[in-house]
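Computation of the quantities below employed the complete heavy-atom set of this structure, encompassing side-chain atoms and omitting hydrogens, waters and symmetry-equivalent molecules. Order of listing sets the numbers, starting from 1, for every ligand and every atom in it.
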Amino acid sequence: KKRIAVMTSGGDSPGMNGSVRAVVRMAIDQGCEAYCVYEGYEGLVQGGDLIRQAQWEDVRGWLSEGGTLIGTARCKAFTERPGRLKAAKNMIDKGINALVICGGDGSLTGADKFRGEWPSLLEELVKNGDISTEQQKTFQYLNIVGLVGSIDNDFADTDATIGCYSSLGRICEAVDYIDATAFSHQRAFVIEVMGRHCGWLALMAGVSTGADFIFIPESPPDRDWEDQMCDIISKHRNLGKRKTIVIVAEGAHDLDLTRISPNKVKDLLSTRLKLDTRITTLGHVQRGGNACAYDRQLSTLQGVEAVNAVLEATPETPSKFIAIIENKIVRNPLIEAVKSTQEVAEAIKAKDFKRALDLRGPEFAE
Ligand code: F6P
């Protein structure tokens, strides 16, 4: 029987449990044995009890649970070859040569590297007497498939990452709460949202809540942004608006790549516009909590497709990840997507903001 393992890695995101549930159940449905790797790559390196077989009922009720129930960790050991050697040995000991990983771009890049190195790792294990040549033959290639789990929606070649809509929903809910108190006191609020180098959460939250002004990394404001922002907010106030909401992505900066901090925005609003201003950093409230319907559905459909991809892969197939493009679940080449994702960061660093926006896709261009 084929043994397929599933693992979550990097920052947790709502929907990760749905994807583990789907992979476990689809694997069993297809006559395979399912395994869970606990604590991300750490579990792969440590092995033992951190790699355990999962049965159908073990994942019951997981769709509505937030975070990742099999744990996640940032693992230094796996970034070095000795760690990956131990991971390979642990997998072979358990009879596993297919791995579905749900994580962000760093985690998926690590997986592809592991796959590329696999034959040489096995070679070394044989040389050290850790595995037999028979085992080397049986496990000669490693099959990996990626699922993109992240609240940031920062991964190229897919329209949505697992968790981003849950997070966006939570941000909107929080802004609605803030709206009520801001309205009552006629106050201004500067709200910082997550997203790392990506402005998707800030942009979509701004559109969804009717914010007065937003700051995102891909599109820094003009040099006279301080005047522009104050003019727009004064205009809104003159139209009778009792509250002001400014959303700042945590990665926001100006044209010189100097960070635009919530404090800086607050100072402007209070000193220039004389608005009673508060800062709210939403923090990890945006990441925890249960998944919205969309993420439950996305993680389930993609988990099923990940198992299909594992079963149909050949040694020649380049590593794939499961995407959603225009509402269709598709398999896309992993490394191209990782490269395009990194290109956005490079474009921003090179101050080529037009390119950064183009790479992010149509919703940013509009
Ligand atoms: O990638 C998800 C994310 O929540 C980012 O939005 C944020 O920058 C980062 O992780 C926070 O990481 P940590 O939980 O390690 O502080």
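For E39 and R52, the salt-bridge test fails: no basic side-chain N is under 4.0 Å from an acidic carboxylate O.
Of the candidates T209, V193, V285, I171 forms a side chain to side chain contact (heavy atoms under 4.5 Å, CB included) with just one, namely V193. Of the candidates V304, I4, T300, V304 is the only one forming a side chain to side chain contact (heavy atoms under 4.5 Å, CB included) with M26.
For atom 6 (O) of ligand 1, the nearest non-hydrogen atom from the set D152, L201, D154 comes from D152. For atom 8 (O) of ligand 1, the nearest non-hydrogen atom from the set M194, R196, E250 comes from E250.
Regarding atom 11 (C) of ligand 1, its nearest protein heavy-atom neighbour is R287 NH1, 3.6 Å. Nearest protein heavy-atom contact of atom 15 (O) of ligand 1 is R74 NH2, 2.8 Å. From the protein, the heavy atom lying nearest to atom 16 (O) of ligand 1 is H284 NE2, 3.5 Å.
Ligand 1 lies nowhere less than 4.0 angstrom from a heavy atom belonging to Q286. Distances from ligand 1 to the non-hydrogen atoms of G104 include no value under 4.0 Å.
Heavy-atom proximity to G195, at under 4.0 Å, picks out these atoms of ligand 1: 6 (O). Within ligand 1, counting atoms from 1 as listed, the ones closer than 4.0 Å to a heavy atom of I151 are 4 (O).
Contacts between H197 and ligand 1, counted as non-hydrogen atom pairs separated by less than 4.0 Å, are absent for every part of the residue.
A tilted orientation is assigned to the rings of F353 and H253, their planes being inclined by 30° to 60°. The aromatic rings of F213 and F215 sit tilted relative to each other, their planes meeting at an angle between 30° and 60°.
Side chain of R3 to backbone of E33: no donor-acceptor contact under 3.5 angstrom is found.
In this structure, R242 forms a cation-pi arrangement with F183, its terminal cationic atom sitting closer than 6.0 Å to the ring centre and no more than 45° off the ring axis.
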